[in-house]
2 protein chains.
Amino acid sequence: MTDRKKKILAVALELFANDGFSATSTKKIAKEANVSEGLIFRHFENKKGLLNALVQQAIARISVILIPILNEKNPKEVIQKTVELPFNIDKSEYPFWKLQFKLKWENDYESNEKMQPLLDHLAWAFTTLGYPEPEKEATILNHIIESISIGILRDGVHSQESLKTFLIEKYNTPTK
Amino acid sequence: MTDRKKKILAVALELFANDGFSATSTKKIAKEANVSEGLIFRHFENKKGLLNALVQQAIARISVILIPILNEKNPKEVIQKTVELPFNIDKSEYPFWKLQFKLKWENDYESNEKMQPLLDHLAWAFTTLGYPEPEKEATILNHIIESISIGILRDGVHSQESLKTFLIEKYNTPTK
DNA sequence: GTCTATAGGATGATAGAC
DNA sequence: GTCTATCATCCTATAGAC
């Protein structure tokens, strides 16, 4: 992959994430990437193809991010690491995650089967810990970290930070 | 307000919600509303003005929806009604809520201070019930219903339905 | 209030040279 | 691989008639 192609992808990620896919013109991408507009269509068939390339990158990246959790064999650690997930997002990765969440509203991108492995592993963790409704417990925790992630991406980590230890403690003293 | 103006608003709501603001042309709105394109610009200064009109409608509508909860004086009922909120969204209101959630990603729409009264009332309810961290508890519940709402809008009520009674029971047997 | 016609510019995409 | 030049289409918005 050439530097210019990488640059196009990087700029497109940023602009699609911040301004949205339809609101971002290929002209603007080319300008910010210091590249001719025609080059975009040489590397990617069309504008949609550029987005698809970003989505493919994302699928790979997410599965990498999940590895440490999926390999964790201590159920309490699985839960804690899951809770910590949104709080560990580096600012440089905000555009990446923003685009993911925005795409959930795009009709032709069937969203998160990417997160299904996490959901399954969470359910296993809750089962092991003796929770009466492990699947539902997993779904709720997933909802929580999704919404916290959205809050962080919009208003920064600090806006949600106090919830981190609160949640960790909460899941260390379960109702049962 | 004339019938045609109402129709424009209704069609615009639907299209903005489903396809997005930028991806929806005024031409398409006019066509689906059986109205001339020029009329849109007579009634609303420009396309953005049309969106603003929808946002104004939404602010009013949301505060109406919250009234029954904010007037509730039984703290347990406050929580239960909050949990039920997303499950009671009528299908005809999906476009309305979809647009709300999509707008949260739009940089120039400072989102939910509209929900702040609910958050405050929830915090009060948790305080009354003796929860040690009522504000955080309220924030978490708010996160949960936000994410559940998103799930319902994308995949229908049935996709989340089992969580309803699960959550209600969960909040009836608190950890403390 | 509503429609038709149209201006003026932006947009996605292609062709051809280097 | 990359750029320049260009095309056809679409888009928002306005003007003027009814």
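In what follows, chains are A, B, ... by sequence order, proteins preceding strands, each numbered from 1.
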### Query
Can you say whether the rings of B:Phe126 and B:Tyr171 are parallel (under 30°), tilted (30 to 60°) or perpendicular (over 60°)?
tilted

### Task
Please report the shortest heavy-atom distance between B:Pro86 and B:Ser149, naming the atom on each side.
CB-OG, 3.3 Å

#### Entry: Protein-nucleotide distance (A:Asn46, atom CG; C:dT14, atom P), rounded to Å
8 Å

### Summary
The reported gap from CD1 in B:Ile69 to CD in B:Glu77 (rounded to nearest 0.5 angstrom) is 10.5 Å

### Message
Under 3.5 Å, is there a donor on one side chain and an acceptor on the other for B:Asn18 and B:Lys98?
### Response
yes

#### Entry: B:Leu50 versus B:Ala12, closest heavy-atom pair with distance
CD2-CB, 3.7 Å

### Task
Measure from CZ on A:Arg42 to C1' on C:dT14 and round the result to the nearest Å.
8 Å

### Query
Less than 4.0 Å between a side-chain N and a carboxylate O, is that true for A:Lys48 and A:Asp108?
yes

### Query
Does B:Lys47 make a cation-pi contact with B:Phe21 (under 6.0 Å, within 45 degrees of the axis)?
yes

Taking distance alone, no hydrogens or angles, what donor-acceptor pairs closer than 3.5 Å link side-chain atoms of residues 134-147 of chain B to residues at least two apart or in another chain?
from	atom 1	to	atom 2	distance (Å)
B:Glu137	OE1	A:Lys170	NZ	3.4
B:Glu137	OE2	A:Lys170	NZ	2.4
B:Thr139	OG1	B:Glu135	O	2.9
B:His143	ND1	A:Ser147	OG	2.6
B:His143	NE2	A:Gln160	OE1	2.8
B:Glu146	OE1	B:Lys104	NZ	2.7
B:Glu146	OE2	B:Lys104	NZ	2.8
B:Ser147	OG	A:His143	O	3.4
B:Ser147	OG	A:His143	ND1	2.6

### Message
Using a strict heavy-atom distance below 4.0 Å, which residues from residues 2-27 of chain B are in contact with DNA chain C?
### Response
B:Thr2, B:Arg4

### Message
Reading DNA chain D in the 5' to 3' direction, which nucleotide is the first one with an atom under 4.0 Å from a heavy atom of chain A, and which is the last?
### Response
D:dG1 to D:dT4

## Note on the structure
In numerical order, the residues of residues 29-39 of chain B whose heavy atoms come under 4.0 Å of DNA chain D are B:Glu37, B:Gly38

### Lys/Arg cation over aromatic B:Phe44: B:Lys5, 6.0 Å, 45° cone
yes

### Aromatic plane relationship, B:Trp97 with B:Phe101 - under 30° parallel, 30 to 60° tilted, over 60° perpendicular
tilted

### Summary
Rounded to 10°, the helix from C:dG1-D:dC18 to C:dC18-D:dG1 deviates from straight, judged by its five-pair end axes, by 10°

### Query
Among A:Ile8, A:Leu54, A:Ile29, A:Leu51, which one satisfies side-chain contact (heavy atoms from CB on, under 4.5 Å) with A:Leu13?
A:Leu54

### Task
Mind calculating the distance between NZ (B:Lys47) and C1' (C:dG9) to the nearest angstrom?
15 Å

#### Entry: Pair listing, salt bridge (charged side-chain N to carboxylate O under 4.0 Å, His left out) test, anchored in residues 81-96 of chain B, at least two apart
B:Arg61-B:Glu93, B:Glu72-B:Lys81

### Query
Cut-off 3.5 Å, side chains only: do A:Gln116 and A:Asp120 have a donor facing an acceptor?
yes

